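Read through the structure below, which is laid out as structure tokens, and then see the notes.
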Number of protein chains: 2
Amino acid sequence: MNPRPVPDATVSRLPLYLRVLAELAGAGETTVSSDELAEAAGVTSAKVRKDLSALGSYGTRGIGYDVSQLIDEIRSTLGLTEHWSILIAGVGNLGQALARYKGFAERGFRVAALLDVDPTKVGTHVADLTVRHLDELPDIVRTEGVAIGVIATPAAAAQDVADRMVGAGIRSILNFAPASLAVPEAVTIRKVDLAIELQILSYYEQRDALRDLGGGSGAGAIGGS
Amino acid sequence: MNPRPVPDATVSRLPLYLRVLAELAGAGETTVSSDELAEAAGVTSAKVRKDLSALGSYGTRGIGYDVSQLIDEIRSTLGLTEHWSILIAGVGNLGQALARYKGFAERGFRVAALLDVDPTKVGTHVADLTVRHLDELPDIVRTEGVAIGVIATPAAAAQDVADRMVGAGIRSILNFAPASLAVPEAVTIRKVDLAIELQILSYYEQRDALRDLGGGSGAGAIGGS
DNA sequence: CAATGTGAAGACCTTCACAGCC
DNA sequence: GGCTGTGAAGGTCTTCACATTG
């Protein structure tokens, strides 16, 4: 009766399908099979079918899925019918790159504000926005209806920024700082650590190098897409 | 007898522990318990113990783990005793930010080259490096001993770049382009899609908003760190 | 007959709880 | 006494395989 709880693993793949479906729609395709979708998304077709059936979606046996219907279905499940406002704290290298990144707007996320504490940065313009002081965070969250906070500060500042965000009512945080953040249970936090990704690759690189020398053991690849 | 196969989930957490341990070492701590490490890394202590025991590491009952020994152990497991060279393809917003990011060097990754195809970019300088043309990729991989390729191009160019990297002998790729890449099985690929992270957050944001209105269903938070 | 939707089996990961050791 | 290391139990996710249906 309730919108059925979508498994976490499925949630994390839905945006992927959405991207592929948008491409298909752009190419004029009107239907797609789980095989085709799987191929394009870099996953297995069984996974696609399980994932899509989890959101109660309608495919047609013998035919496949209706592309535009599926797009609507997934966007609705992910809450993308609403256009979220985000703000970015930390206007260093990464923060600036994120501010200029077109992909956010394309997918319905509006960068409402850029914040920093550095007086040489506050007041400057980046990507059509004026950098404002972190102290303005509560005001901005309220007036702009910000739902998601992005942390792109140095590690040392990240916890303070997270605390301020939580205090201002933000309950979804994307953390790029290389630091583990403590937040109340009701706050959802995701982290992206660039250096950690490289270290993980290092493990598999090393393992495969050993295997090639006859070290035995290891299996195959990891990635998918 | 063989370096025992470390579970993928464990591999993805080891860099996290390493970061925490480095902080502890910097603060002069010589031992750490699984509880303390778990707290600082944002995971459970059982997980920490399972993870560390997977790499055969020695803790001391009643005491905990020796910080510097554990650092060595993890670095060795991850292959971080070697200093890897990486290259970045695509010198747009994100590519430049990555090139300037200090965190890579701090953890032993040397950015050996920046590549692009845009003639207005080739020859310019970014973060002490001269941007070179993508056609030079095979030469650079050979002469610089590049092990990891980072793709920071637009989606449309990503597959071509991946193909070139694979052709040049690179077997580990970190992909920031919003595209699913097909690579041979022997190549390890990881992806980071900034917009996808936001879309995932959108789902939980929406779900929790519904729950707060009495929509029932949902559980707790997701994140950890 | 092509392709979905799904029980059932299997792999993987996490959590529990406690024996064992310093 | 405190903390590790680990079997066992419990979840979650993936894969299989096939009955079902337009």
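These figures come from a predicted structure and were not determined experimentally. In what follows, every chain begins at residue 1, and chains take the letters A, B, ... in the order their sequences are listed.
- Rounded to whole Å, atom C1' of C:dT15 lies 13 Å from atom CG of B:Asp51.
- When the P atom of C:dG5 is taken as reference, atom NZ of A:Lys50 falls 12 Å away, rounded to whole Å.
- One atom, CZ of A:Arg49, and another, C1' of C:dA2, lie 11 Å apart when rounded to the nearest Å.
- Contact annotation: the side chain of B:Phe109 approaches that of A:Gln199 to within less than 4.5 Å [non-hydrogen atoms, C-beta and beyond].
- Checking side-chain atoms of B:Glu36 against main-chain N and O of B:Ser33 turns up a donor-acceptor pair under 3.5 Å.
- The 5' end of DNA chain D is approached more closely, in terms of each residue's nearest nucleotide, by B:Thr60 than by the other of B:Thr60 and A:Thr10.
- In this entry the distance linking CZ of B:Arg61 with C1' of C:dC22 reads 9 Å, nearest Å.
- Between the P atom of C:dA17 and the NZ atom of B:Lys47 lies a distance of 17 Å, rounded to the nearest Å.
- One interatomic measurement links the two molecules: CD of A:Gln69 to C1' of C:dT4, which rounds to 14 Å at whole-angstrom precision.
- Across all strands shown, A:Thr44 has heavy atoms under 4.0 Å from sugar-phosphate atoms exclusively, and none from any base.
- Scanning for salt bridge (charged side-chain N to carboxylate O under 4.0 Å, His left out) contacts around A:Arg107 gives B:Asp193, with sequence neighbours left out.
- The separation between A:Leu37 atom CG and C:dG5 atom P is 12 Å, rounded to whole Å.
- Here A:Arg164 pairs with A:Asp135, A:Asp160 under the salt bridge (charged side-chain N to carboxylate O under 4.0 Å, His left out) rule; sequence neighbours left out.
- At distances below 3.5 Å, at least one donor-acceptor pair connects side-chain atoms of B:Ser202 with backbone N or O atoms of A:Leu78.
- Taking a heavy-atom distance under 4.0 Å as the criterion, the stretch of DNA chain D touched by chain A extends 5' to 3' from D:dC13 to D:dG22.
- Side-chain contact of B:Ser85 with B:Arg110: a donor-acceptor pair under 3.5 Å is present, judged by distance alone.
- One interatomic measurement links the two molecules: OH of B:Tyr58 to C1' of C:dC21, which rounds to 14 Å at whole-angstrom precision.
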